[in-house]
Engineer: 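Once you've had a glance at the structure underneath, I'll fire off some questions.
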Amino acid sequence: MKVFKEVFLNFKKSGFMNLISVGTIAITIIILGSYFIANLAVNHFLSRVENKIEIVVFLKDGFAAEKMKNTITELESLNEIEDVKFISKYDAYQEFVKDKEILTILQSFESNPLPDSIKIKLKEYTPKNIDKIINILKSKEGIEEIQYGGKEIENLLNILNVIKIIMIVIGIIFIISSLLVVSNIIKLTIYARRQDIYIFKMVGATNFFIKMPFILEGIIHGFFGGIIGWVILYVIINILLTEIKKETGLDFTGFYVFTPSFFSLKFLIETIIAGILLGFFGSLLSLGNIKEK
Amino acid sequence: MKVFKEVFLNFKKSGFMNLISVGTIAITIIILGSYFIANLAVNHFLSRVENKIEIVVFLKDGFAAEKMKNTITELESLNEIEDVKFISKYDAYQEFVKDKEILTILQSFESNPLPDSIKIKLKEYTPKNIDKIINILKSKEGIEEIQYGGKEIENLLNILNVIKIIMIVIGIIFIISSLLVVSNIIKLTIYARRQDIYIFKMVGATNFFIKMPFILEGIIHGFFGGIIGWVILYVIINILLTEIKKETGLDFTGFYVFTPSFFSLKFLIETIIAGILLGFFGSLLSLGNIKEK
Amino acid sequence: MIKFNHVFKIYEKNIKALEDINFSISKGEFVFLTGPSGAGKTTILNLLYREDIPDMGSVFVNNEDISHISDRKLPFYRRNIGFVFQDFKLLFDRTVFDNIALPLVITKTEKKFIKNKVEEYINKTGLCGKEKLTPWHLSGGEKQKVAIARAFITNPSLILADEPTGNLDDESSWEIIKMFEEVNKEGTTILFATHNKELLQKMNKRVIRLNKGKVISDESI
Amino acid sequence: MIKFNHVFKIYEKNIKALEDINFSISKGEFVFLTGPSGAGKTTILNLLYREDIPDMGSVFVNNEDISHISDRKLPFYRRNIGFVFQDFKLLFDRTVFDNIALPLVITKTEKKFIKNKVEEYINKTGLCGKEKLTPWHLSGGEKQKVAIARAFITNPSLILADEPTGNLDDESSWEIIKMFEEVNKEGTTILFATHNKELLQKMNKRVIRLNKGKVISDESI
Ligand SMILES: Nc1ncnc2c1ncn2[C@@H]1O[C@H](COP(=O)(O)OP(=O)(O)OP(=O)(O)O)[C@@H](O)[C@H]1O
Ligand SMILES: Nc1ncnc2c1ncn2[C@@H]1O[C@H](COP(=O)(O)OP(=O)(O)OP(=O)(O)O)[C@@H](O)[C@H]1O
Ligand SMILES: [Mg+2]
Ligand SMILES: [Mg+2]
C-alpha cells in the first residue's frame, strides 16, 4: 500500500519525466511493432514464394507404379519433407488438357506422352535439405529426371534465407536498442531524483523500499507506453493501408496481419506486454547501480 | 572560448549523463543505419526486378520499318520512357538460334517466322504510366501485338510499389522517433541540471550563454555517437556477411552497398553528419522550454 | 553510549578533518559541540550516523563498533537516531506534512498514529498552517523547523543536531531548545553542534570544543 | 536608490508574505532587515532582485520600476547587484574558485583579472587552501563564505545579504561584517537580513523590523 502511494506521488510530482518515459516506451513500441508487422509480412511473402517451389521427379515410362510406393513411403518418413504426391500420367494428362493449345499438341501424339511423376514439398528449402533429397532420389531406380529449378531456384532460396537472417539480426538489434534506450531514460529519471533517494537512505529507508517504487513506475509507464504505442501504430497502419489502396488498388485489409480482430485484441495485448516488459527490465537494469547524492 | 570551457566542464562533471546521451545517439544511428542499408538493398533488388520488365511490341509482318521510325522517335520524346529499342526479325532470329532446341524448331519453318519488334523500358513502372504507353501504341498502325506481362506484372509492380511506400513510411517513423528519443534524453540531462541553470540565471547569465553549451554538447555527443554507431554497425554487418557466406555461400561483400571504400568513408561521414544533426536538433528541441529551479 | 576512540578522518588532498578524537558520552547526556567553521563538528556527527566511516580509530555506539554495521542493517541503525541536518535535507516535492512523516512512513506505521504525531510536532515547532506547503514555499527558518520535527518524530534514543538554530530568531530558538531539554529529561541522549555562544552560556551543559579537527576542551560551563 | 511603494506579496493559499510595505533606502546606506522566521525578509530581497514581482505596489531601484524590466535586460540588471543567498545557491560540481569566479566569467572578463580578484576574496573570507574543492566537500560555514565572496566579486553598487552569518562562528562573522563595512564606505548600498541581535546592537545602523509581513519599526539603534 505504502509503495503504491510512493508511486502515485512520484507520478504527480514529476509529470514531465513521466511523459518522457512513457513517450520513449511508446516510441520503442512503435519501432518494435513496425518491425514485428514487417517481419510477419516478409515471412508471409517468403512462405508464399516457397510454397510454389517443389521438386518434381519424372519416372521412367513403364516402371511399375507399385514399386514406387516404397520410395514414396520412405520419403514421407523423412523429417525434411512436408508433402509427397504421386501424379500418374493419366492425372497429368487431365491437368494439361485444360489448356486448349496444349491439347492440340498432345492430340498430335498417338498415346499419352506424359510420364508418371512425384511432387515433393520440403519444410525448409535450404540448399542442404535440397541436396540431401536429390541424393536420395538419385540412388533410386526408375527415375528419369529430377527437376527442381536448379541454380536459379537455389539462388532465390539463398536470397530468401539471407532476408530471413537479416530480419532476425535487425530484430535483435531493435530489442537490445529498445531496452538500452528505455533503461537510459529511466536511469536519467533516477539520476534526477538522486537527492531524494539520498534523503530516503538518510532517514533509514531500506533498499527495497527505495527501489520498489521505481520498478512499479517502470511497469506502469510500460503499460501506458504500450497502449499509446499501439494506438499510434494502429493509426499509422490504417492511413498507410488506405493510401496503398488508393495508390495501387491493392487491398491489404484482408491480409491476416491486419484483420481487425487480430490487430485490435491479440496485438494490443502483445504491445502492452512488450511495454510492461520494457519498463520492468528497463528499471531493473537502471537500478543496478543507483548512485545517490 | 568561454563557451567551450563550459562545454568541457559539463563533460567532465557529468560523465554518466554524457555516456547515456552519446550511447543513445549511437543506438539511434545504428537503427537509422540498418534502415538505410536495408533500404538501399531493397531498392537495389527492386530495380533489378524492374529492369527485367519491358513492353514488347510485335509489328505486323511486311510493315515497312521506315514507317515505324516516326513512332519510335515519338516514343523516345516521352518523359515516362527510359529506352526504346527496335529489333528486326533478323536480329531476333540471331538471338533465338543461340538455343539449340529452338533452332530445330525454327529450322522447320521455311522462312523466318519471327516478327520485327520494339522493346520499351519505362522509367517508373506505375500502372498509370503503363496504361498511357499502351494507349499510345494502340492508336498506331502496323502493330500486331503488345506484350507487357499483363495482370501478373501489374500485380508484381503493385507489390514493389507498396514495399517502397512502406520503406518510406518506416524511414519517416524512424527519423521522427530518433529525434524524439534523443531530444528526450537531452531534455532529461537539462532537467537534471536545472538547479545549475537556475543559479546561472541568478548571477546574471544571458539565455544565450546558458543555452549555447547545451547545443554544443548536443553536437559533440552527436559526433561521438555517430562514430560509435558506425563502428558497431560495421562490426555487425561484417559478422552478418561472414555468417551469410558460411551459411549460403553468397558473397555480398562485392555488393556495392558493402564495398569497403563506400562503407569506410562515405558512409562514415554520413553517419557522423546524421549524429551531429540528431544532437543539434535534439538539443534545440529540448531547449525550447527550459524549466529551471 | 557513545565512544570515540582515536578517531582520524582525512579527506582527499590531505585535509585533516579530524585528528585523534577521543571522548565518551553516557546515555541521557546533553552535550554541545562547538568550534569555528570547518572545525569538524559536522564530520563527527556524520561519523556517528555512519554517513561516513573513520579512516583510523573506531566509533562505538551502544558498545558496537558502528564501522562494522552491514549495509543491510544500516537503515535499522539509523532509525534509532534523529538527525537535524545542517542543510535540512528535505524532500522538495513533498509537503511539510509528508516530510515530517517520512521516518514513520518508511517503517509502515499506522496512518492515524502518524497523523497525530505529525500534528503534535507541527504545533510544537510552530509550523501550523504550513502543513500543505512544499519546502519551496518555506522561509529558511521554517525549513529548519521541519528538519527538527522530522528528527524528533520517531522518539529516537539519540538526537544529533547540526546547528539547528542557525536560521531561527531568538524566540523560536528557545522554543526549539525547550523541545530538546524535554526529550533529554525523558532519557534521550543529545549531541548538539552550534556556534551560538549565548546558548552555550545560558544552558550550562557539557561543551566539547573543537578546533582544526582536534578537541581543545571538554568541560561543563 | 531603493523605494518600496505599497508593496503586497500574497502567495497561493492566501499566505500574505508582505502587506503594504513602504520604505526607501538612499544610495550608500547600510540597512539591516530583521524579524522572526517567516516575517518576509527573504521575500523583500527577492523582490529587489526581480526573482519575483509584487502582487500590488511597485519596487523602484534607481527610479526605475523594476517590474517592467524585460526578460532580455534582466541579466544585466542583476549584474549590478550582489546577492548572498540564504541557501547559498552554489554550483555543486564546480570548484570553490569557479563558483566565486562565476559572475565574472559570464561577463567574459579577462582571465588574469578574474584570477587576481578571486584570490583576493578567497583570502579575505579565509578560504585559503579550499580553492580546488567542490562545495560537497565544504563545511556549512565555508559554503557561506563562498556565497559571500561571489556576491562581492563584481564590486556591485548594491549588495543584498540574506542571513550571511547564520552558519559562521563569531570570529568569522566579524571578519565578514568588516568586509561589508569596507565596501559600504566606498559607496555600496547594503541591505542585510539577519536574526543576530548582538550584531544589530553592536553595529548601530538603521534597522527595519518586520513581523508577519509588515514593517513594525524603522529606526537606527
Ligand atoms: N567530503 C569532504 N571532502 C573533503 N573535505 C571535507 C569533506 N567534508 C568536510 N571536509 C572538510 O573537513 C573540515 C571539517 O568540516 P566540517 O563540516 O566537519 O566542519 P564544521 O565544524 O561542521 O563547520 P561548520 O560550522 O562550518 O559547519 C572542513 O575543512 C571541510 O572543508
Ligand atoms: N513561494 C512561496 N509560496 C508560498 N509561500 C511562500 C513562498 N515563499 C515564502 N512564502 C511564505 O512567505 C512568508 C515569508 O517568507 P520569507 O522567506 O520572506 O521569510 P523570512 O523573513 O526570510 O524568514 P527566515 O528568517 O526564516 O528566512 C513565510 O511564511 C513563507 O512560508
Ligand atoms: Mg557543519
Ligand atoms: Mg529568509
Side-chain angles (χ1 to χ4, degrees), chain C residues 11-15 17 34-43 45-46 85-88 90 92 95 125-145 162-163 165-173 175-176 193-198 200 209-211 213, chain D residues 11-15 17 34-43 45-46 85-88 90 92 95 125-145 162-163 165-173 175-176 193-198 200 209-211 213:
Chain C
Y11 287 112
E12 312 101 78
K13 307 191 184 168
N14 215 15
I15 295 174
T34 191
S37 187
K41 303 181 292 296
T42 304
T43 309
L45 299 182
N46 281 343
F85 298 93
Q86 194 170 11
D87 52 359
F88 317 144
L90 303 180
F92 271 76
T95 63
T125 50
L127 283 169
C128 315
K130 310 276 177 191
E131 296 92 332
K132 297 215 181 312
L133 296 178
T134 66
W136 282 123
H137 304 127
L138 296 181
S139 78
E142 287 160 355
K143 276 183 254 184
Q144 191 148 46
K145 288 173 180 173
D162 200 352
E163 204 101 42
T165 59
N167 284 276
L168 296 179
D169 53 295
D170 283 8
E171 206 185 319
S172 314
S173 293
E175 268 163 33
I176 297 299
T194 185
H195 287 302
N196 194 327
K197 275 191 188 153
E198 208 190 333
L200 296 180
R209 267 176 219 285
L210 294 171
N211 196 8
Chain D
Y11 288 111
E12 311 101 77
K13 307 190 183 166
N14 216 15
I15 296 174
T34 192
S37 190
K41 305 180 291 297
T42 304
T43 308
L45 299 182
N46 281 343
F85 298 93
Q86 194 171 9
D87 52 358
F88 317 144
L90 302 180
F92 270 75
T95 63
T125 49
L127 282 169
C128 314
K130 309 276 175 191
E131 297 91 331
K132 297 215 182 309
L133 297 177
T134 67
W136 283 123
H137 305 127
L138 296 181
S139 78
E142 287 160 353
K143 276 182 254 183
Q144 192 147 43
K145 287 174 182 173
D162 201 352
E163 204 103 42
T165 58
N167 284 278
L168 296 179
D169 53 295
D170 282 8
E171 206 184 319
S172 315
S173 292
E175 268 162 34
I176 298 298
T194 184
H195 288 302
N196 194 328
K197 275 192 187 151
E198 208 189 334
L200 297 180
R209 268 175 218 284
L210 294 172
N211 197 6

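We name chains A, B, ... by the order of the sequence lines, and we start the count at 1 in each one.
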Engineer: Looking only at heavy atoms and a cut-off of under 4.5 Å, which of C:Ser173, C:Ala39, C:Ser172, C:Gly140 has the most pairs with chain D?
Structural biologist: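 Answer, by heavy-atom pair count under 4.5 Å with chain D: C:Gly140.
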
Engineer: Please round to the nearest 0.5 Å and tell me the distance separating atom OG1 of D:Thr42 and atom CG of C:Leu138.
Structural biologist: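 D:Thr42 atom OG1 to C:Leu138 atom CG measures 11.5 Å (nearest 0.5 Å).
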
Engineer: State which residues pass ring pair (Phe, Tyr, Trp, His ring centres under 6.0 Å) with C:Phe92; sequence neighbours excluded, sorted by chain then number.
Structural biologist: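 C:Phe92 satisfies ring pair (Phe, Tyr, Trp, His ring centres under 6.0 Å) with C:Trp136 only.
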
Engineer: Mind jotting down which residue pairs meet the salt bridge (Lys or Arg N to Asp or Glu O under 4.0 Å) criterion with at least one end in residues 130-142 of chain D? Sequence neighbours excluded, please.
Structural biologist: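 Non-adjacent pairs meeting salt bridge (Lys or Arg N to Asp or Glu O under 4.0 Å): D:Lys130-D:Glu142.
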
Engineer: Which one of C:Lys197, C:Glu171, C:Glu163 has the most heavy-atom pairs closer than 4.5 Å to chain D?
Structural biologist: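 Result: the option with the highest number of such pairs is C:Lys197.
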
Engineer: By a 4.5 Å heavy-atom criterion (distance strictly below it), what part of C:Ile15 contacts chain D: side chain, backbone, both, or neither?
Structural biologist: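 Just its side chain gets close to chain D.
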
Engineer: Heavy-atom distances under 4.5 Å only: say whether C:Asp87 touches chain D with side chain, backbone, both or neither.
Structural biologist: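 For C:Asp87, the side chain is the part near chain D, not the backbone.
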
Engineer: Please give me the minimum heavy-atom distance between C:His195 and D:Asp170, naming the atom from each residue.
Structural biologist: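 Smallest interatomic distance, heavy atoms only, reads O-OD1, 4.4 Å.
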
Engineer: Kindly compute the distance separating CG (C:Asp169) from CG (D:Asn196), expressed to the nearest 0.5 Å.
Structural biologist: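 Going from the CG atom of C:Asp169 to the CG atom of D:Asn196 covers 12.0 Å.
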
Engineer: So which atom in D:Gly141 and which in C:Ser37 form the shortest heavy-atom distance, rounded to 0.1 Å?
Structural biologist: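 What the structure gives for the nearest pair is CA-OG, 3.1 Å.
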
